[in-house]
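In what follows, chains are A, B, ... by sequence order, proteins preceding strands, each numbered from 1.
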Amino acid sequence: MTEEPAAALDRAFFDRPPVAVAPDLLGRLLRCTLPSGTVELRLTEVEAYAGPDDPASHAYRGRTARNAVMFGPPGHAYVYFTYGMHFCLNLVCGPADHPGGVLLRAGRVIEGVDPARRRRSTSRRDQDLAQGPARLALALGVDRTQDGEDVVAGPVFRLLPGSPPPPAQVRSGPRTGVSAAADTPWRFWIDGDPTVSPYRAHTARRRPAGR
DNA sequence: GGTAAGATCCGCT
DNA sequence: GCGGATCTTACCT
């Protein structure tokens with residue numbers, strides 16, 4: 001009686017533009033298996049980032065060493081380091097000549113609460129464990145080591161069908177923390193879910209000391 | 001070689 | 001609600 005692993009989403013799932021993939025990711029299950037523990041979460045908030053046409057996308061200025069994975073095959077993880085201390089996890093999607101991705105902004109941990117809580121020592125409630133993109137990456141144990149990992153059938157990640165919410169519960173709005181293309185409603189979330197991160201408009205960084 | 005801004009989070013007021 | 005932490009990336013000279 002071997003337990004059959006649940007069927008993963010088809011690879012063609014990611015062979016669509018980010019704006020089409022993003023809302024379709026809501027309610028899906030992402031499982032991450034690492035030596036430090038296995039964590040599975042239900043995605044509740046995502047953001048789409050397109051390619052050269054999207055000034056907010058890391059792919060906007062062309063291929064670099066950092067964003068090379070975005071220009072590779074869809075269905076892989078793009079992990080970047082930001083603000084000097086945080087990692088964020090994206091899923092690469094769209095045709096190879098239209099590099100894009102979906103930022104995973106929030107989710108509800110449904111398995112592996114213990115390892116997630118160990119990594120998120122400051123988190124008080126279960127709903128806070130993956131509430132926000134950097135928190136989500138930390139709860140899963142993701143860092144740059146996972147950059148480029150296969151999300152469909154890789155040893156680390158596995159994306160499962162899960163239970164998509166009814167269309168009426170899917171909401172959209174401006175992307176968070178983005179100064180460019182702020183009027184593009186490419187952030188999608190499950191309405192009323194407590195794990196969705198609070199919206200915060202982009203705030204300009206204060207001038208360095210010394211006036 | 002220097003510098004400014006960044007797909008953020010947390011603690012304090 | 002506001003500002004500090006902390007460092008990588010990319011653009012400018």
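- Look at CZ on A:Phe87: it is 11 Å from P on C:dC7, rounded to the nearest Å.
- Atom NE2 of A:His86 and atom C1' of B:dC10 are 8 Å apart (whole Å).
- Atom CG in A:Leu129 sits about 11 Å away from atom P in B:dC10, given to the nearest Å.
- Heavy atoms of A:Arg124 sit nowhere under 4.0 angstrom from any nucleic acid atom.
- With B:dT8, B:dA7, C:dA5 as the choices, the nucleotide that has an atom nearest any side-chain atom of A:Met85 turns out to be C:dA5.
- Rounded to an integer number of Å, the gap from OH of A:Tyr83 to C1' of B:dA7 is 7 Å.
- Separating the CZ atom of A:Arg120 from the P atom of B:dC9 is a distance of 8 Å, rounded to the nearest angstrom.
- Taking 4.0 Å as the cut-off between side-chain N and carboxylate O, A:Glu111 and A:Arg31 do not count as a salt-bridged pair.
- Atom-to-atom, CG of A:Leu103 to C1' of B:dT8 comes out at 11 Å; the value is rounded to the nearest Å.
- Base-pair partner of B:dA7: not found among the strands shown (Watson-Crick or G-U wobble, both distances under 3.5 Å).
- Atom P of nucleotide B:dA7 and atom CZ of A:Arg135 are separated by 18 Å, given to the nearest angstrom.
- Within the structure, every side-chain polar atom (N or O) of A:Thr176 is placed at least 4.0 Å from both OP1 and OP2 of B:dA7.
- Of the nucleotides present, none pairs with C:dT6 by Watson-Crick or G-U wobble criteria with both distances under 3.5 Å.
- The ring-ring contact (aromatic ring centres under 6.0 Å, His included) pairs that include a residue from residues 83-129 of chain A are A:Phe81-A:Phe87, where partners are two or more places apart or lie in different chains.
- In the displayed structure, A:Arg11 atom CZ is contacted under 6.0 Å by more than 12 heavy atoms of other residues, nucleotides or ligands.
- With respect to A:Arg117 and A:Asp126, a salt bridge is recorded, a charged nitrogen being found less than 4.0 Å from a carboxylate O.
- If you measure from atom OH of A:Tyr60 to atom C1' of B:dA7, you get 16 Å, rounded to the nearest angstrom.
- Ion pairing between A:Arg16 and A:Asp24 holds under the 4.0 Å rule for side-chain N and carboxylate O.
- Heavy-atom neighbours of A:Tyr60 OH from other residues, nucleotides or ligands within 6.0 Å: at or below the threshold of 12.
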Identify each atom pair where a protein N or O and an N or O of nucleotides 8-11 of chain C are less than 3.5 Å apart, giving names and distance.
{"residue": "C:dA10", "atom": "OP1", "partner": "A:Thr64", "partner atom": "OG1", "Å": "2.7"}
{"residue": "C:dC11", "atom": "OP1", "partner": "A:Arg61", "partner atom": "NE", "Å": "3.2"}

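- Scanning atom types as modelled, one donor and one acceptor separated by under 3.5 angstrom connect the side chain of A:Tyr80 and the base of B:dA7.
- Distances shorter than 4.0 Å separate none of the side-chain N or O atoms of A:Arg187 from OP1 or OP2 on B:dA7.
- We find that the ring of A:Tyr49 and the base of B:dA7 stack, their centres lying under 5.5 angstrom apart and their planes tilted less than 30°.
- Comparing B:dC10, B:dA7, B:dC9 against the side chain of A:Ala134 picks out B:dC9 as the nearest.
- Residues A:Asp193 and A:Gln127 fail the side-chain proximity criterion, which asks for heavy atoms closer than 4.5 Å.
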